[in-house]
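Here is the structure we will look at, set down as structure tokens.
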Amino acid sequence: MKMLERVAVIDFETTGLSPGQNGRATEIAAVILENGKIVGRYQSLMNAGAWVSPFIEQLTGISNKMLRTAPSAAKVMAEVADFVGWTPLVAHNASFDQKFWDAELALINRQRVQPFACSLLLARRLLPQAPDHKLGTLNAWARLPPAGKAHRALADAEMAANLTGYLANFIHAKHGLKHISHDFLCKLQKTPASKVADALERESCNPCR
DNA sequence: TGCCAGGCCCTCTTTAGGGCCTT
């Protein structure tokens, strides 16, 4: 599977649903997906000084004790931003990860340098027959490889990467696209569901592809 | 006082409401 452009798939674990006083990152993972295979991995807990509620500890398995000895959020965000570089980003429900990525980078006076594509929006358009579009459900439904404990950053990033590869393969198999760019995924995820088939048809007829 | 996310998407819609998805 060589048709998907190299992308970086990321996943955050956090203390809440929105960045701010009560929402900080606790863990991040980034995996590099190249030719449909994971060729690089970064994963780290991060200590942002935020308190982990019992609910979040139960959900993620990440505790306040674990974060006390973790490297600082500033150090981890600098490392992961360098690891990803200019590689275009993908996340499942990217609006969530994008706001934490932007917020945590802003705290170290850095800015995002690439767009995000969203595997959730793509899956809703390309796999409407799936039981639902949760990351775990889609991976099980598509019979993708198990990736470890859900709600830990590396396992979720690997699941999202496998799903992204599956979606690219689906587009290739069904519509014959030989090269799928991150830019095309970004356009496709904004296409109304009723016009997705037309968009794929147009793209596959483009003589430049 | 009471509440506390927010973008996407569908529909019994568009002068709105509610479910889905992420932690």
Side-chain angles (χ1 to χ4, degrees), chain A residues 7-31 43-67 70 73 76-77 80 84 89-107 112 115-142 144 147-164 166-167 185-199:
Chain A
V7 295
V9 185
I10 73 156
D11 185 79
F12 275 106
E13 302 306 315
T14 72
T15 60
L17 289 170
S18 202
Q21 205 167 21
N22 296 318
R24 288 296 303 269
T26 57
E27 186 179 45
I28 187 167
V31 302
Q43 178 270 328
S44 181
L45 291 167
M46 66 175 96
N47 185 349
W51 177 71
V52 179
S53 69
F55 170 76
I56 292 293
E57 181 174 343
Q58 176 71 27
L59 179 71
T60 65
I62 297 169
S63 66
N64 288 295
K65 184 180 178 185
M66 289 163 70
L67 295 184
V76 172
M77 287 307 301
V80 72
V84 166
L89 293 166
V90 177
H92 197 71
N93 197 14
S95 65
F96 173 84
D97 292 280
Q98 180 180 323
K99 62 189 179 183
F100 274 96
W101 181 265
D102 291 349
E104 293 292 345
L105 282 186
L107 292 172
R112 178 162 52 89
F116 266 92
C118 177
S119 58
L120 168 63
L121 295 181
L122 290 166
R124 280 180 176 158
R125 283 161 175 74
L126 296 170
L127 309 173
Q129 72 275 33
D132 63 48
H133 297 90
K134 292 183 178 77
L135 183 58
T137 302
L138 288 167
N139 269 258
W141 178 80
L144 297 171
K149 185 188 180 304
H151 290 299
R152 286 302 298 265
L154 184 59
D156 283 2
E158 289 192 8
M159 280 202 287
N162 289 334
L163 174 61
T164 302
Y166 179 86
L167 292 169
L185 294 180
C186 289
K187 285 179 187 162
L188 193 62
Q189 74 188 24
K190 292 178 188 166
T191 303
S194 61
K195 295 181 178 173
V196 164
D198 289 346

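Proteins come first, then strands; the chains are lettered A, B, ... in the order of their sequence lines, and each starts at number 1.
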Distance in angstrom units between [X] [atom1] and [N] [atom2], rounded:
X: Asp97(A); N: dG6(B); atom1: CG; atom2: C1'; result: 14 Å
X: Asn139(A); N: dC21(B); atom1: CG; atom2: P; result: 14 Å
X: Gln98(A); N: dC21(B); atom1: CD; atom2: C1'; result: 15 Å
X: Phe55(A); N: dT22(B); atom1: CZ; atom2: P; result: 12 Å
X: Phe96(A); N: dC20(B); atom1: CZ; atom2: P; result: 19 Å
X: Asp132(A); N: dC8(B); atom1: CG; atom2: C1'; result: 16 Å
X: Ile28(A); N: dT23(B); atom1: CD1; atom2: C1'; result: 14 Å
X: Arg125(A); N: dC20(B); atom1: CZ; atom2: P; result: 17 Å

Expressed in whole Å, how much space separates the [atom1] atoms belonging to [N] and [M]?
N: dT23(B); M: dT11(B); atom1: C1'; answer: 29 Å
N: dG18(B); M: dT14(B); atom1: P; answer: 13 Å
N: dC8(B); M: dT13(B); atom1: C1'; answer: 15 Å
N: dC20(B); M: dC3(B); atom1: C1'; answer: 22 Å
N: dG2(B); M: dT15(B); atom1: P; answer: 33 Å
N: dA16(B); M: dC12(B); atom1: C1'; answer: 11 Å

Separation of Thr164(A) OG1 from Leu122(A) CG (nearest 0.5 Å): 7.5 Å
Gap separating the OG1 atom of Thr26(A) from the CE atom of Met46(A), nearest 0.5 angstrom: 7.5 Å
Between [options], spot the one nearest the side chain of [X], thanks.
X: Ile56(A); options: dT23(B), dG6(B), dT22(B); answer: dT23(B)
X: Lys134(A); options: dC21(B), dT23(B), dC8(B); answer: dC21(B)
X: His92(A); options: dT23(B), dC21(B), dC9(B); answer: dC21(B)
X: Asn93(A); options: dA5(B), dC21(B), dT23(B); answer: dC21(B)

Which atom of Ala30(A) lies closest to which atom of Val80(A), heavy atoms considered: CB-CG2, 3.9 Å
Under 4.0 Å between any heavy atoms, over every strand shown, what does [X] touch: base, sugar-phosphate, or nothing? Just pick one.
X: Ala193(A); value: sugar-phosphate
X: Phe12(A); value: sugar-phosphate
X: Thr15(A); value: nothing
X: Leu120(A); value: sugar-phosphate

Heavy atoms of other groups near Lys149(A) NZ, more than 12 under 6.0 Å: yes
Non-hydrogen side-chain atoms of Tyr166(A) and Leu127(A) separated by less than 4.5 Å: yes
Any His133(A) side-chain N or O less than 4.0 Å from OP1/OP2 of dC20(B): no
Audit row: Arg24(A), Leu107(A), side-chain contact (heavy atoms from CB on, under 4.5 Å) steps and yes/no: CA-CA 11 Å; Arg24(A) 288 296 303 269; Leu107(A) 292 172; 3.4 Å; yes
